[in-house]
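Everything on this sheet refers to the single structure shown next.
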Amino acid sequence: MTYQSEPDERVPGVVTTQGSSYDTTEARPGRAFLARGTGRLTSRTWFVLLAGALLPAIVLAVWLIASAGGTTATLPSPGDVWLAGVDLAQRGLLASDVAISVQRVLLGFGIGAGLGLSIGAVVGLSKLGDILLSPTLAALRAVPSLAWVPLLILWFKIGEDSKVILIAIGAFFPVYTTVSAALRHVDRQLVEAGRAFGLNGPRLFVTVQLPAVIPSVISGLRLALAQAWLFLVAAELIASSMGLGFRLVDSQNNGRIDRIFFVIILLAVLGKLTDSLVGLFERWVKRRWS
Amino acid sequence: MSTTVPQALARDVSRAVSIDFAGVGRAFAPERGSGPARPVLRDIELAVEPGEVVAILGTSGCGKSTLLRITGGLDSATSGSVRIDGSPVSGIDPRTAIGFQEPRLLPWRTVHDNVALGLPRGTPKAEGAERVSTLIDLVGLSEFAGHRPREISGGMAQRTSLARALARNPGVLLLDEPFGALDALTRLKMQDLLLDILSAEPTTVLLVTHDVDEALQLADRIVLLAKPEDESAPGATIAQLLTVPGTRPRDRGSAELAELRGRLLDGLGIDRHGSARGVETGTSIPHYPY
């Protein structure tokens, strides 16, 4: 990267102890040059948006051409898929499917992420917690997600509980893993400095350790949210009477391939949308906390 | 740097206190297995007067930082005791503040908020803010109070760290090679700054350094830690205790200091190469004390 050729403004001693002589403007020409040079096109917002939409546009075009001659039974045209969506919306099924699925994702994600944060904190901060808990959790993590389904259905029946719990299991592990690992690797020197200034226990955690791991926590949450959507569809595919996963099975049974296409596209859009929201939050957090 | 003492500082001019080391020793447990403990320090006997600046010199690995950490309560002695103002040190002591070799600033906090971390627990908010800005003024960083550590130079970060230690209003200021990571010129300026600060905020100072000139420039007395040459007993102890003549700030080029420098370098096992200039390795001016 061209970035590497920029002078390191933080080299100690390049700056004199006369604070005022530190010149922040000095580094700017380099970046301006970068913006005019290699990064010119790829740093423009319109170009990024347009280029990102290029591949979907090509896929859509190929799809249009391919479906033009075929039958709706194997490959519905984009128009058919759109109409299937409109039809679902008019019947009121679309709103209820999306609502129940989003509700399950948010509930499961909230519970799983909350547990992941707290247990991750215990394992990351306490040696004893690490020794006691991490082997068991590592073993549980190795269990394939679908293996839980029969047990959950027997225990919690085919209700909301079993689905939310499955999603919570999916959201738990990314958060738990990233939080415990990040806490273990918090700069020891910073922690010691915190202790030297009289901080300990919860105050030390809130002042030093938590802010230090916030960027990793957000990355973990982002992964967990993606996992939550995966587990949602798994849960709904197997046993449900509502939701996007149920709509997939239902459409499969009725041979409504247009609806299957529609739901898959909808899942992609919903997943990308929630991920982007967390991504924006992540960017803000990284600027704020590092 | 202005020589007038700001009002806010004059008001709570600190309570410099004494430090007494009585037979302090520290042995580290063997890395693995059950070998014999490895002694690093032994039989440290030293009385530091309130308001005195004592430099601890020694080769690397001789235990000078360990001695400082024991004084600050970050480590504990395996034998003997350290008393601050007559009461023994156990754990982090609110009367001491530490300046580390690295600035150890919280990267997500501004310079101002990093200094505020040093304020004693329960300082009223307004009073704390006032004290922090006075200290930031004192170290010449008022223009940078809102900057993050990554936006300032190494020297400025070290000044922030010094201000943070002073925010604690310490009776004993412990400095662990505070300028060791800075370039030579910045280091000299920081030494002068430290002297200015000490005249504004008198306190007892233990300064660990490997820089003989720094010790001569800043200290009232210099402790030279060394292991006995004949290896009769393991662990370093006080090999020399020198009183530095004159008052600070001292003439960096004075002949008296040159003589002391020679003796200290000798004690550190550095060849003075005096004979190369046709000078006996002995004394060129009458033996200290004069």
Side-chain angles (χ1 to χ4, degrees), chain A residues 3 6-28 30-31 182 185-218 282-290, chain B residues 1 69 72-74 91-94 96-109 114 116-121 136 139-144 147-159 161 164-165 167-168 174 176 179 181-190 192-193:
Chain A
Y3 279 113
E6 282 194 312
D8 182 359
E9 315 137 48
R10 284 207 53 198
V11 171
V14 170
V15 172
T16 70
T17 55
Q18 295 301 314
S20 53
S21 66
Y22 179 74
D23 189 4
T24 45
T25 57
E26 210 170 88
R28 278 185 200 134
R31 287 196 195 114
H185 294 116
V186 171
D187 187 349
R188 278 169 201 283
Q189 293 196 332
L190 278 189
V191 176
E192 189 184 68
R195 286 208 304 129
F197 285 98
L199 300 173
N200 48 40
R203 282 178 57 92
L204 183 65
F205 180 70
V206 170
T207 316
V208 180
Q209 283 138 333
L210 185 66
V213 299
I214 273 192
S216 333
V217 170
I218 303 297
E282 184 182 20
R283 259 169 58 186
W284 176 80
V285 160
K286 288 209 163 135
R287 259 207 317 277
R288 174 69 188 78
W289 296 96
S290 55
Chain B
M1 202 63 51
R69 294 168 56 84
L74 286 174
I92 308 290
D93 200 297
T96 60
I98 304 188
F100 298 96
Q101 177 170 6
E102 318 79 21
R104 301 197 189 183
L105 303 177
L106 302 179
W108 52 87
R109 288 193 174 200
N114 264 293
L117 185 74
L119 291 170
R121 195 86 58 84
I136 290 177
V139 296
L141 287 178
S142 9
E143 284 174 58
F144 297 87
H147 283 54
R148 297 287 194 76
R150 65 177 138 84
E151 298 164 333
I152 59 179
S153 70
M156 291 158 83
Q158 202 51 277
R159 280 188 275 162
S161 161
R164 177 179 63 183
R168 230 175 170 212
L174 304 170
D176 189 358
F179 315 133
L182 303 176
D183 69 291
L185 288 177
T186 309
R187 192 181 311 155
L188 295 183
K189 288 182 178 169
M190 289 289 286
D192 287 346
L193 175 68

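First the proteins, then the strands, lettered A, B, ... as listed; each starts at 1.
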Sorted by number, residues from residues 191-198 of chain A in contact with chain B (heavy atoms, under 4.5 Å): A:Glu192, A:Ala193, A:Arg195, A:Ala196, A:Phe197, A:Gly198
Region of B:Arg164 in contact with chain A, defined by heavy-atom distances below 4.5 Å: both
Is B:Leu105 in contact with chain A via its backbone, its side chain, both, or neither, using a 4.5 Å heavy-atom distance? backbone
Using non-hydrogen atoms and a 4.5 Å limit, figure out which bit of B:Ile92 sits close to chain A: side chain, backbone, both or neither. side chain
Among all residues two or more places apart in sequence or in another chain, which pass the salt bridge (charged side-chain N to carboxylate O under 4.0 Å, His left out) test with A:Glu282? A:Arg222, A:Lys286
Could you pull out the closest heavy-atom pair between B:Arg109 and A:Thr207, with the gap in Å? NH2-CG2, 3.2 Å
So which part of B:Glu102 gets closer than 4.5 Å to some heavy atom of chain A, the side chain, the backbone, both or neither? side chain
Measure B:Arg121 against the heavy atoms of chain A and call it side chain, backbone, both or neither at under 4.5 Å. side chain
